[in-house]
Structure formats: C-alpha cells, structure tokens
Amino acid sequence: MTERNATWWDRLEEEVCVVAPTDTLSVAHALPPTGLIYSARMRGRQMRDSDGVFTQFYEALRLPSHFGWNWNALRDCLTDLHWIDAPHILITIDDADAVLSESTEEREFLFRALNDAVKFWAKKPELPAQEKTIFQAVLLSNPTSAPVRA
C-alpha cells in the first residue's frame, strides 16, 4: 500500500483498494475526518460460493428483508444503502483471495459490483442539507497468494 501516511477518507481514487493484511495505516489517518462511520467486515473464507457472499453482505450490511439473494439485488443494495445512517461506509473483506476462488466469472462480477459502487458514491453529488456518503471497499489479500483484481 503506497499511502501509509495518507488520509484514507480524502483519497481521490474511485476504486476498490487491494491491501496486504500486513500493511499498516495509523488510526489517526484511517478514521474519517468527522461524523459517523459504518464498518462492515466480512470473512472471505466464508464467501467461497455465491450463497456465502450473499450471506456475508446480508449480515454485515444488514440488508433489507426484501433482498433478492442474487447479483443484481446485491448491486442494487450497494448503490442504495438508505438504511445505514452514517455518511462514511467502509466494507472490508478479509482473505479476499478465497472469495469465489472456484468461480472466476462470479468473482469478477462481485469485484466489478464493488468497484461500481465505489464509483457511484464518489460521483454522486452532495445534496443540500444532506451529508455526502463516502463509500470505501478494501480487499485484504495475502501478497503470496493468487492476485486479487478489483
């Protein structure tokens, strides 16, 4: 990770970040400048198939009961998130190299959906009397394992 001392929430990047679990960032730089943060940490080893992915997102993001348990529903939820009452949202997936490791097509769809959500929230204009939502996604991947592309 090249931004060890950068302010995490002020980055201009509009993409999912892939980080080695051994990289460090000081707490002072990792926390948002102000306001509430919703942090969702998921276990990649429990996301080996689509059901595992949907379960992790459903539980970690507290998706609505009408969640459709399919890729389009997940994509829709990632660009809505109205039920989360925090202007800063951080999704972290541990062991990202294990996520959908047997299904390249689904894996690419998941990572593309995450990237699209990061871009969506970054480009969404700030509305009057409403704080802008900052959405970040981090994939923790061991540098010695198969590469994770977001």
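All heavy atoms count here, side chains included; hydrogens, waters and symmetry mates do not.
Sorted by first and then second residue, the salt bridge (Lys or Arg N to Asp or Glu O under 4.0 Å) pairs with a member in residues 43-65 read Arg45-Asp95; sequence neighbours excluded.
Taking the side chain as every heavy atom from C-beta outward, Gln46 and Thr55 never approach each other to under 4.5 Å. Two residues are said to be in side-chain contact when any heavy atoms from C-beta on lie closer than 4.5 Å; Phe57 and Leu78 meet this criterion. A heavy-atom distance below 4.5 Å is not found between the side chains of Leu139 and Asp94. Side-chain contact between Ile134 and Pro87 is absent, with no heavy-atom pair separated by less than 4.5 Å. Side-chain contact between Phe67 and Leu74 is present, with at least one heavy-atom pair separated by less than 4.5 Å. Taking the side chain as every heavy atom from C-beta outward, Ile93 and Leu140 never approach each other to under 4.5 Å. Side-chain contact between Trp83 and Pro64 is present, with at least one heavy-atom pair separated by less than 4.5 Å.
Across all their heavy atoms, Tyr58 and Ser65 have their closest contact at OH-CA, 4.1 Å. Between Leu100 and Ser50, the closest heavy-atom pair is CD2-N, 3.6 Å. Shown here for Ala86 and Ile37, the closest heavy-atom pair between the two residues is CB-C, 4.1 Å. Nearest heavy-atom pair, Val99 versus Gly44, reported as atom, atom and distance to 0.1 Å: CG2-CA, 3.6 Å.
By the salt bridge (Lys or Arg N to Asp or Glu O under 4.0 Å) test, Asp116 is found to be paired with Arg75, residues two or more places apart in sequence or in another chain being considered. Not counting sequence neighbours, Tyr38 has no partner by the ring pair (Phe, Tyr, Trp, His ring centres under 6.0 Å) test.
Judged by distance alone, with hydrogens and angles left aside, the side-chain atoms of Thr79 form a donor-acceptor pair with the main-chain N or O of Asp76 at under 3.5 Å. Panel note: side chain Lys132, backbone Lys124; a donor-acceptor pair is recorded below 3.5 Å.
Ring orientation note: the planes of Phe54 and Trp69 are nearly perpendicular, at an angle over 60° on the 30°/60° scale.
To the nearest 0.5 Å, the span separating OG on Ser101 from CD on Glu106 amounts to 11.5 Å. Between atom CZ of residue Phe109 and atom OG1 of residue Thr104 there is a gap of 15.0 Å, rounded to the nearest 0.5 Å. Of the inter-residue distances, the one linking Arg41 atom CZ with Ile91 atom CD1 reads 13.0 Å to the nearest 0.5 angstrom. Expressed to the nearest 0.5 Å, how far NE2 of His88 lies from CG of Leu90 amounts to 11.0 Å.
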> Do Thr133 and Leu81 pass the side chain to side chain contact (heavy atoms under 4.5 Å, CB included) test, and can you show the C-alpha distance, the side-chain angles, and the key distance before you say yes or no?
Replying inline: CA-CA 10 Å; Thr133 298; Leu81 301 173; 5.8 Å; no

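If you check the side chains of Gln136 and Trp121, you find no donor sitting under 3.5 Å from an acceptor.
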